[in-house]
Amino acid sequence: MAKVKSKYVCQNCGYETAGYLGKCPECGSWGSFVEEIADSSSEHKNLPVIEDIYPPQKLSEIEMDTEIRLSTNISEFDRVLGGGIVQGSLVLIAGDPGIGKSTILLQTSGELCKNGKKVLYVSAEESASQVKLRAERLSVKSDNLYIYPQTNLELIKRNIDNLKPDLVIVDSIQAIYTSTIQSSAGSVSQIRECCNSLMQVAKSQNVSIIVIGHVTKEGNIAGPKVLEHMVDTVIQFEGDKYKSYRILRSIKNRFGNTSEVGIFEMGGNGLTEVINPSQLFLKEYNQTQTPGSTIIVTSEGTRPLLVEIQALVGTTPYPAPRRVANGVDTGRVLQILAVLEKRIGLNLSKQDVYVNVIGGIDVSEPAADLGIALAIVTCVRDVVFDLQTAIVGEIGLSGEIRAVNHIEKRINEAQKLGFKRIIIPDANDIQEKFEGIEIVKVKRILEAITRGVKPVKEA
Ligand code: TYD
Ligand code: MG
């Protein structure tokens, strides 16, 4: 009998070694090695030479297939996918447990079935009746929707063969296993093998497959990087557990734009699309206006979003003042503080500074700089910022205001939501004519404060 060989595999990056290691030399994570059985039958030396169906071709002679896309009927989801699910593609949806991955995919299944498509929903984590219960809640019913509680990949593949569905959903990749290798479900080897095998099914049978992947505590997709490389599209499902809205974000897409987002709200009947997200993020703004709050127009993908920034500045009781940033990059805030001290002489060396983005959304682009700076300045001066003014602009180290992208879309969004003024960088060229909104162009941070800040009342 052949000797059973074992190997140690890093569960974070998939690095393999013959003996146990405390720290992975590849990705640097500690204690991530797990022993797995090395299956000699899958080693490459025994593989037969495969027939070469696609020999090298001249670029000019290659015929293009027209991409066929399945519309999900959910426009926010379609947008993130780049216009629908491409036939024969493998899509990974990753997110924290309980964020709503199963919910959105069951809803998507329902919508596709309404259009006469056949969907196979492989439920590897929940029983058929649990899925049925959720389907009732979401009013999903169709004879084209097949629920299949199964964890064995070979059986799943056989049923894909038999049913010939238009879309297969695998909920989740961590819960299924292939009998060709011996390690347990959820290990890197299993995930890699299953994903590979599903990719082949997608390409060879031209069926679209969506797999669900859980995210680890650190925010990585469990069994992570290996998966991201293999699939065609990676979509991240994020949101604040304590808030009802959810964001779908594409982080890799072989068939479309990345960094597109779709916004949803989780309610009693599942997820509904949020057509006007800015309104959602501004809901409380008008009622709770305080010194130190401003509205910026950020851009998520190609889409403008109005969000409220709040700053709180106060004398510190500690030897070293605290700088806390939520939803914006702390490094960015420190840089803005340095510019404010140096260029306009704001003395913050004994002040604690807190900056917060309302609604739990992440604003990481530099176009938010000016809004953050003005929030800090109005808080220090204890004035309320003009309710009707929105702000965009990046701040350079010498205090200059730098141009931002998608400026016209941002102005449009502010105007659509009833803002009367918008402060923008002078460096931005605007071709379009805007009516009903005053455009204030500023070159430097001080000018932005003197011209831009119209204190409505002292607080
Ligand atoms: P689920 O789709 O099971 O999450 P995941 O598959 O990502 O783990 O959604 C779980 C949460 O969503 C659960 O806490 C209940 C909530 N939920 C609603 O609020 N409304 C609904 O209509 C549904 C189906 C779920
Ligand atoms: Mg689930």
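It should be emphasised that the depicted structure is a prediction, and the values quoted were computed from it without experimental measurement. In listed order, ligands and their atoms are each counted from 1.
- Annotation: side chain to side chain contact (heavy atoms under 4.5 Å, CB included) contacts of S71 (sequence neighbours excluded): N73, D78.
- Distances under 2.8 Å from the Mg ion (ligand 2) pick out the protein N/O/S atoms S102 OG.
- A distance of 11.0 Å separates CD in Q200 from CD in Q205, rounded to the nearest 0.5 Å.
- With values rounded to the nearest 0.5 angstrom, Y121 atom OH is found 6.5 Å from I169 atom CD1.
- Residues satisfying the side chain to side chain contact (heavy atoms under 4.5 Å, CB included) criterion with S187, sequence neighbours excluded, are Q11, E36, S183, S189, Q190.
- Near ligand 1, residues D96, P97, G98, I99, G100, K101, S102, T103, R134, R137, L138, M266, G267, G268, N269, G270 come within 4.0 angstrom through at least one heavy atom.
- Under the 6.0 Å distance and 45° angle rule, R421 does not count as a cation-pi partner of F419.
- In this structure, I160 and V201 have side chains that are in contact, with non-hydrogen atoms separated by less than 4.5 Å.
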Side chain to side chain contact (heavy atoms under 4.5 Å, CB included) assessment of K118 paired with L167 = CA-CA 7 Å; K118 204 193 279 179; L167 175 70; over 6 Å; no
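- Residue L337 holds its CG atom at 9.5 Å from CD1 of I372, rounded to the nearest 0.5 Å.
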ask   = When you look at S102 and D171, which way does the side chain to side chain donor-acceptor pair (under 3.5 Å) test go after all the steps?
value = CA-CA 7 Å; S102 305; D171 185 0; 2.8 Å; yes
